[in-house]
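Below you'll find the structure, written out as structure tokens, and then a few comments.
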Protein chains: 2
Amino acid sequence: MKKVTLSDIARETGFSIKTVSRVINEEPNVKEETRRIIKEVITKKDYSVNIMAKALKSKTTKTVIVFIDKHSGGYWNAWHSLIMKDLILKFKERGFKVIFSPSSGKDAIEDETDGFELLKSGIADGALIFDNMTNDIRIKYLMSNGIPFVIVGKDLDSQNTSYVDLDNYMAGFKGANYLIEKKCERILFFLGYEVFTVDQERARGFKNACEKAGVDYKIVFNIDKIDKLYLVSKEIINEFNPDGIFVSGDEKAIALYKSINELKKKIPEDIMVLGIDNLPQSRFLYPPLSSVDQNVDQFSSKLVNLLIEMLYKKNVKAKRILIDPKIIERESTLR
Amino acid sequence: MKKVTLSDIARETGFSIKTVSRVINEEPNVKEETRRIIKEVITKKDYSVNIMAKALKSKTTKTVIVFIDKHSGGYWNAWHSLIMKDLILKFKERGFKVIFSPSSGKDAIEDETDGFELLKSGIADGALIFDNMTNDIRIKYLMSNGIPFVIVGKDLDSQNTSYVDLDNYMAGFKGANYLIEKKCERILFFLGYEVFTVDQERARGFKNACEKAGVDYKIVFNIDKIDKLYLVSKEIINEFNPDGIFVSGDEKAIALYKSINELKKKIPEDIMVLGIDNLPQSRFLYPPLSSVDQNVDQFSSKLVNLLIEMLYKKNVKAKRILIDPKIIERESTLR
DNA sequence: CTGAAAGCGCTTACAG
DNA sequence: CTGAAAGCGCTTACAG
């Protein structure tokens with residue numbers, strides 16, 4: 001069975017390609033009778049437009065591409081999944097198709113399997129970029145080609161890009177202050193890799209709060225996965241002897257609970273624990289985990305609204321939005 | 001900055017479009033000197049092919065599209081995330097780009113935001129379909145248009161489709177038998193919605209094993225999320241008084257642990273718990289969760305291999321592959 | 001209200 | 001080793 005094209009419909013109905021095109025795109029200036037006939041044949045033949053041919057000419061696809069981490073999830077966590085679900089729903093409501101494709105800011109150009117190739121071909125009208133890095137070649141490309149895009153995360157390279165990000169500094173700052181208010185005096189902070197802005201910022205906020213209050217603190221980087229945390233945490237806890245532990249990523253808290261248990265310490269009596277992300281599962285841990293909530297709903301709404309605004313209007317001024325974190329209190333920090 | 005095209009390069013170098021095309025596609029029959037000159041200008045002008053224009057003519061894109069649940073994750077769980085990561089990696093190794101797009105077997109045709117539109121336009125050479133349903137209109141379309149695809153999950157409608165699926169019957173069967181060997185005599189099974197084949201099959205295997213052994217059992221459907229499980233589990237446990245609980249989806253086990261704890265029962269002494277999926281976090285629960293492992297690595301390998309085989313050879317015979325589940329034993333079932 | 005022509009950026013099939 | 005022509009399936013700009 002061959003693909004049905006515009007001209008097949010034209011031939012079958014006796015009208016021109018152009019008239020058929022008018023019907024398909026719901027344009028005016030077609031006799032009702034003509035419209036009816038053409039629509040009938042379209043349905044009968046199960047015709048559907050070829051988006052690529054259309055895009056080649058009209059340069060618009062009603063599709064948005066979302067670039068996600070190519071190395072696929074060393075640090076693709078539960079939070080990423082939550083926001084992906086939200087994006088799907090919200091773009092759909094606005095009438096856009098979404099595609100997700102793996103891509104990296106480092107080798108988006110040379111690597112033939114990088115999803116960024118697709119965007120260069122005009123497959124999408126605009127893009128969302130996760131996991132951007134300093135000197136991201138994709139951002140340069142998008143800017144110089146005038147393609148609308150929003151970065152998911154801070155961009156420190158340029159003043160003219162739009163981004164939405166969690167206020168990671170405040171996440172670290174508020175988290176530390178909260179534990180300090182709860183009378184913690186020796187606070188440990190487990191974080192991911194120091195090369196990521198997210199982790200740097202959280203560390204910075206945490207450090208400032210601790211130093212201002214004059215409490216002891218220790219920051220441990222490179223804890224990217226749950227296994228890693230379990231591997232190193234007991235020794236560090238024994239050495240530093242904290243009365244409060246802050247952990248970046250609720251999912252890692254599960255392993256932390258295990259470590260603390262095995263050291264025969266109690267949460268929250270001996271050690272309070274505070275997470276970041278407020279995952280759905282966290283309230284079911286024992287004890288339920290307090291966590292810094294990142295408001296996924298607000299985050300994804302801002303992303304979608306901003307990109308769609310850029311898609312419709314030209315020359316939207318660059319906007320930079322920070323989502324304010326909020327502490328959700330549960331038993332892991334109540335004594 | 002306008003997009004650079006083939007003819008821009010041709011004009012600049014003084015060669016024809018066709019010769020430039022030869023260089024880009026690494027075809028033979030071009031003088032070394034010519035190749036060098038053209039390559040130089042390509043680099044200088046930062047040219048990259050327009051995949052859409054190319055596909056319009058050559059009908060091949062080196063791209064694979066993966067359709068995921070459109071309603072975005074009512075039941076998109078941690079297992080889905082794991083396999084997505086794996087697919088990205090494995091398609092990449094084989095030189096293919098991947099895009100993920102939300103789509104539904106019910107309204108892929110009418111809904112303009114459904115990712116299936118993209119495939120109809122030939123954006124991808126082949127497809128993977130998650131969350132297929134009975135009478136899936138996408139499967140009909142793909143079959144009648146001769147587009148290679150593999151279904152992720154059983155297809156009961158047709159004999160001529162290829163699929164890879166977990167052997168869900170065996171997952172239910174082996175899980176039940178394992179608990180029976182461990183001397184459980186009253187076994188509860190929490191599952192998702194009965195409309196899904198996955199859940200039906202797991203239930204069927206479970207039931208057969210229990211009946212064969214003559215133990216008491218109870219199957220509870222409609223437990224799609226962690227909150228739901230927590231909401232209903234205590235009452236059901238009190239009523240049925242199980243000594244073994246089997247739960248479909250490790251992530252829900254967290255809430256189950258909480259329920260059991262709050263009922264002042266001990267795992268595994270009073271109640272053994274067995275999950276399905278063997279998520280990375282499960283070994284860190286307290287006590288560590290035994291689980292039916294679904295071998296994500298093998299699963300994704302089979303999917304990728306099968307689809308790529310179909311992409312290269314015509315008329316590959318339909319294959320149906322079932323992944324054999326394996327029980328991973330941990331403390332939650334050891335007494 | 002309708003249509004003929006040109007062109008989007010490529011490749012295929014052919015000629016030289 | 002190189003190129004001119006036709007065409008993939010659409011839309012744009014124009015004419016009638």
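Because the structure is predicted, anything quoted here is derived from the model rather than measured. No hydrogens, no waters, no symmetry mates; every other heavy atom, side chains included, goes into these values. Sequence lines set the chain letters: A, B, ... in the order given, protein chains first and strands last, and positions in each chain run from 1.
- Protein atom CZ of A:Arg22 is 11 Å distant from nucleotide atom C1' of D:dC14, rounded to whole Å.
- Relative orientation of the A:Phe67 and A:Phe116 rings is tilted, given thresholds of 30° and 60° on the angle between their planes.
- Between the CG atom of A:Leu56 and the C1' atom of C:dC10 there is a distance of 8 Å, given to the nearest Å.
- Using a 4.0 Å cut-off, no side-chain N or O of A:Asn50 falls inside it from OP1 or OP2 of D:dC8.
- In this structure, B:Ser7 reaches neither bases nor backbone, as no heavy-atom distance under 4.0 Å exists between it and the strands shown.
- Position along DNA chain C of the nearest nucleotide to B:Thr5 versus A:Lys18 favours A:Lys18 as the more 5'-ward residue.
- Counting any heavy atom pair closer than 4.0 Å across all strands shown, B:Asn29 reaches a base atom.
- At a threshold of 4.5 Å between non-hydrogen side-chain atoms, the residues B:Lys45 and B:Glu12 count as touching.
- In this structure, the CE atom of B:Met52 is 12 Å from the C1' atom of C:dC10, given to the nearest Å.
- With salt bridges taken as basic N to acidic carboxylate O contacts below 4.0 Å, one links A:Glu32 and A:Arg35.
- Taking atom CZ on A:Arg11 and atom C1' on C:dG3, their separation rounds to 17 Å, with Å as the unit.
- For the pair B:Glu40 and B:Lys44, the salt-bridge criterion is not met [side-chain N within less than 4.0 Å of a carboxylate O].
- Heavy-atom nearest nucleotides on DNA chain D were determined for B:Ala53 and for B:Val30, and the one closer to the 5' end corresponds to B:Val30.
- Close to D:dT11, at under 4.0 Å from its OP1 or OP2, lies a side-chain N or O of A:Ser21.
- No salt bridge links A:Arg320 with A:Asp165; every basic N to acidic carboxylate O contact stays at or beyond 4.0 Å.
- Contact annotation: A:Thr34 reaches the phosphate of C:dT2 (side-chain N/O to OP1 or OP2, under 4.0 Å).
- Among the heavy atoms of the strands, none lies under 4.0 Å from A:Ser121.
- Taking every side-chain heavy atom of B:Leu6 into account, C:dC10 is the closest of D:dT2, C:dC10, C:dG3.
- Residue contacts for B:Lys54: at a heavy-atom cut-off of 4.0 Å it reaches the sugar-phosphate backbone alone, with no base atom in range.
- Taking the nucleotide of DNA chain D with the nearest heavy atom to each of B:Lys57 and B:Ile17, the more 5' of the two is matched to B:Ile17.
- Taken together, the paired segments of DNA chain D that extend over three or more consecutive Watson-Crick or G-U pairs, each closer than 3.5 Å at both contacts, are C:1-3 with D:14-16, C:5-12 with D:5-12, C:14-16 with D:1-3.
- Computed from coordinates, the A:Phe15 CZ to C:dG3 C1' distance equals 12 Å when rounded to whole Å.
- Salt-bridge check for B:Lys62 with A:Glu117: failed, with every basic side-chain N at 4.0 Å or more from each acidic carboxylate O.
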Run the numbers on B:Lys140 and B:Asn135 for side-chain contact (heavy atoms from CB on, under 4.5 Å), then give the verdict. CA-CA 8 Å; B:Lys140 279 186 200 150; B:Asn135 266 317; 3.7 Å; yes
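- Between B:His80 and B:Phe130, the ring planes lie tilted relative to each other; the angle falls in the 30° to 60° range.
- Atom P of nucleotide D:dT11 and atom CD1 of A:Ile24 are separated by 7 Å, given to the nearest angstrom.
- Rounded to an integer number of Å, the gap from CD1 of B:Ile9 to P of C:dT11 is 13 Å.
- For the pair B:Glu27 CD and C:dT11 C1', the computed distance is 9 Å after rounding to whole Å.
- For B:Ser16 and D:dG3, the shortest distance from a side-chain N or O to OP1 or OP2 is below 4.0 Å.
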